[in-house]
Amino acid sequence: MTQQCDWLLGNLRLATLTDSEIPYGAIEDGAVALAGDRVIYAGPATDMPDLAARRRLDGRGRWATPGLVDCHTHLVYGGSRAPEFEQRLRGASYEEIARAGGGILSTVAATRLAGEDELYTSGRQRLLRLLEEGVTTVEIKSGYGLDLESELKMLRVARRLGEDLPVTVRTTFLGAHALPAEYREPGADAYIDMLCRDMLPEVARQGLADAVDVFCEGVGFSPAQTERVFEAAAAHGLPVKGHVEQLSDLKGAVLAARHRALSVDHLEYLAAADTNVLAEAGTVAVLLPGAFYYLHETRLPPVAALRERGVPMAVATDLNPGTSPMASLLTAMNQACVLFHLTPEEALRGASVNGARALGLDDRGQLVAGQRADLALWDIDSPAELSYGLNYHRPGALFQGGVLQHDH
């Protein structure tokens, strides 16, 4: 019986990114069929079932990949931190700037003052830069409000961006990002009390967050404080993530894995022995080479140990105003290869299937039947080119949820 499909894409080379001994799960003479927002066939053209297509697209020999997933961004914020960039170049460390009231807190002040429309307009411009490179799913964190009203404002803006633009937006409540100035005297425990008592329940009640994150670090929050937030998140049915082991080894990754975190992010100071815990928990390791680059760090995350233990590694931009003002996931992929020694295949998997796993999404990131119909067509000779060249590539055609966004 002939099956109907909305799109039949032929004359393609496919990087399916399935678990395969063939690099990239590659299929040289491939075809893809879409029905609604799902892939119903992706495989060799010679094996394609009998399909009646409403629309056809000649891939012209281009490579098809899943739509890219940027699983860690802070792209909604007010103000600019360019002056701090200059300070760091003159020798000030990230911790020195943070302890002097700069860093995150300077963005908090600007974000609190900004109106919702202003945050939407600036966030939209940053998000559009990601979409131009084939990103079809993005995570947006709060964390520059640090009071209930401002955190809700940021999360509403993030939701609105996902409604208005052709992208899936997953939102993460990061109220435990830094200690706000008004809590310096009562202290971090008092702030965490308020966050767990007032902020997180209201965020959950309004359905504005898909996950909860904590910055577990010496300039952030202690493991004990982090655990309190994780427990409060669980009480409201929200999964957790962790900014951990960026500047020191506080065993935040072990703590997060114990709470079945979706992901642990940064990881420059992660002990190689702790990768076993991540593997057992199924927690994704999110590598953020942009922050490593901008902060001129030298301590590398334990990529070899993560690889050996089979921990999924994601790659993301960490797009933020202070430590990774970078709206390019393709650049992050290149940095992951050059700075962290990932292979181009690992980088692409990190920005697709493993990035999706870091968001708790198992319906995207690979070109297989049943997956969401997010895919990009690239005029390249090899998928490795996506990690090789800086500012070389944009997708020639892009589908988001089965809808053709463009075909050049």
Side-chain angles (χ1 to χ4, degrees), residues 5-17 24 27 30-42 53-71 73 75 124-140 161-170 315-317 319 327-333 347-353 355-356 359 361 363-369 371-383 385-387 389 391-408:
C5 68
D6 295 314
W7 282 97
L8 183 58
L9 287 57
N11 191 17
L12 290 172
R13 291 177 284 178
L14 309 183
T16 66
L17 301 185
Y24 301 96
I27 296 172
V32 177
L34 313 178
D37 65 354
R38 297 289 132 181
V39 175
I40 63 170
Y41 178 78
R54 294 184 176 88
R55 292 177 291 274
R56 294 175 180 267
L57 187 148
D58 181 358
R60 306 197 302 274
R62 290 176 288 186
W63 276 94
T65 72
L68 301 184
V69 178
D70 194 349
C71 67
T73 86
L75 66 82
R124 185 177 187 273
Q125 288 302 113
R126 299 176 194 115
L127 182 53
L128 286 172
R129 299 290 81 78
L130 295 176
L131 303 192
E132 289 171 359
E133 290 192 345
V135 170
T136 52
T137 301
V138 65
E139 184 237 32
I140 302 177
L161 288 168
E163 292 165 0
D164 292 352
L165 294 175
V167 61
T168 299
V169 170
R170 301 289 281 184
V315 175
T317 62
L319 169 53
S328 172
L329 186 54
L330 295 180
T331 298
M333 290 164 58
L348 181 55
R349 289 181 181 274
S352 53
V353 60
L359 299 178
L361 300 172
D363 68 341
R364 66 199 68 198
Q366 296 177 310
L367 290 183
V368 295
Q371 289 268 290
R372 183 176 165 84
D374 294 345
L375 63 153
L377 307 187
W378 308 87
D379 188 12
I380 54 179
D381 292 326
S382 163
E385 290 191 31
L386 298 178
S387 296
N391 201 27
Y392 272 24
H393 303 294
R394 301 292 184 273
L398 184 70
F399 286 84
Q400 206 277 343
V403 176
L404 179 64
Q405 301 300 320
H406 62 77
D407 181 22
H408 303 312

Quick one: does Arg55's side chain have a donor or acceptor within less than 3.5 Å of a partner on Leu8's backbone? no
Under 3.5 Å donor-acceptor, Arg38 side chain and Ala373 backbone: no
In the structure I gave you, are the side-chain heavy atoms of Gln371 and Leu367 within less than 4.5 Å of one another anywhere? no
Using atom types as modelled and distance alone, determine if a side-chain donor or acceptor of Gln366 lies under 3.5 Å from a backbone N or O of Thr16. no
Once you round to the nearest 0.5 Å, how far does CZ of Arg60 lie from CG of Asp407? 5.5 Å
If you round to the nearest 0.5 Å, how far is OG1 of Thr136 from CG of Leu375? 8.5 Å
What is the distance from atom CG of Asn391 to atom CG of Leu330, rounded to the nearest 0.5 Å? 9.0 Å
With sequence neighbours left out, the residues meeting salt bridge (Lys or Arg N to Asp or Glu O under 4.0 Å) with Arg126 are none
Are any non-hydrogen side-chain atoms of Thr65 and Tyr24 less than 4.5 angstrom apart? no
Would you say the side chain of Ile27 lies within less than 4.5 Å of the side chain of Arg13, judging by non-hydrogen atoms? no
Spacing of Arg364 atom CZ and Asp37 atom CG [to the nearest 0.5 Å]: 9.0 Å
Short side-chain to backbone donor-acceptor contact, Asp70 and Thr317, under 3.5 Å: yes
Where the side chain of Ser382 meets the backbone of Glu385, is there a donor-acceptor pair that is under 3.5 Å apart? no
Under 3.5 Å: donor-acceptor pair, side chain of Gln405, backbone of Leu398: no
Can you sort out the partners of Asn11 under side chain to side chain donor-acceptor pair (under 3.5 Å), two or more places apart, ordered by chain and number? Asp58
Can you measure from CZ (Arg54) to CH2 (Trp7) and round to the nearest 0.5 angstrom? 12.0 Å
Any donor and acceptor pair, going by atom type alone, linking the side chain of Thr137 with main-chain N or O of Val69 inside 3.5 Å? no
Heavy-atom side-chain proximity of Arg170 to Leu361 below 4.5 angstrom: yes
Please check if the side chain of Trp63 supplies one atom and the backbone of Leu14 the other of a donor-acceptor pair under 3.5 Å. no
Leu17 side chain reached by Pro66 side chain, heavy atoms, under 4.5 Å: yes
Find the distance between OG1 (Thr73) and CG (Leu127) and round it off to the nearest 0.5 Å. 8.0 Å
I'd like to know if the side chain of Asp6 and the backbone of Gly36 have a donor-acceptor N/O pair within less than 3.5 Å. yes
Would you say the side chain of Thr168 lies within less than 4.5 Å of the side chain of Val138, judging by non-hydrogen atoms? no
Donor-acceptor contact below 3.5 Å, side chain Glu133 vs main chain Arg129: no
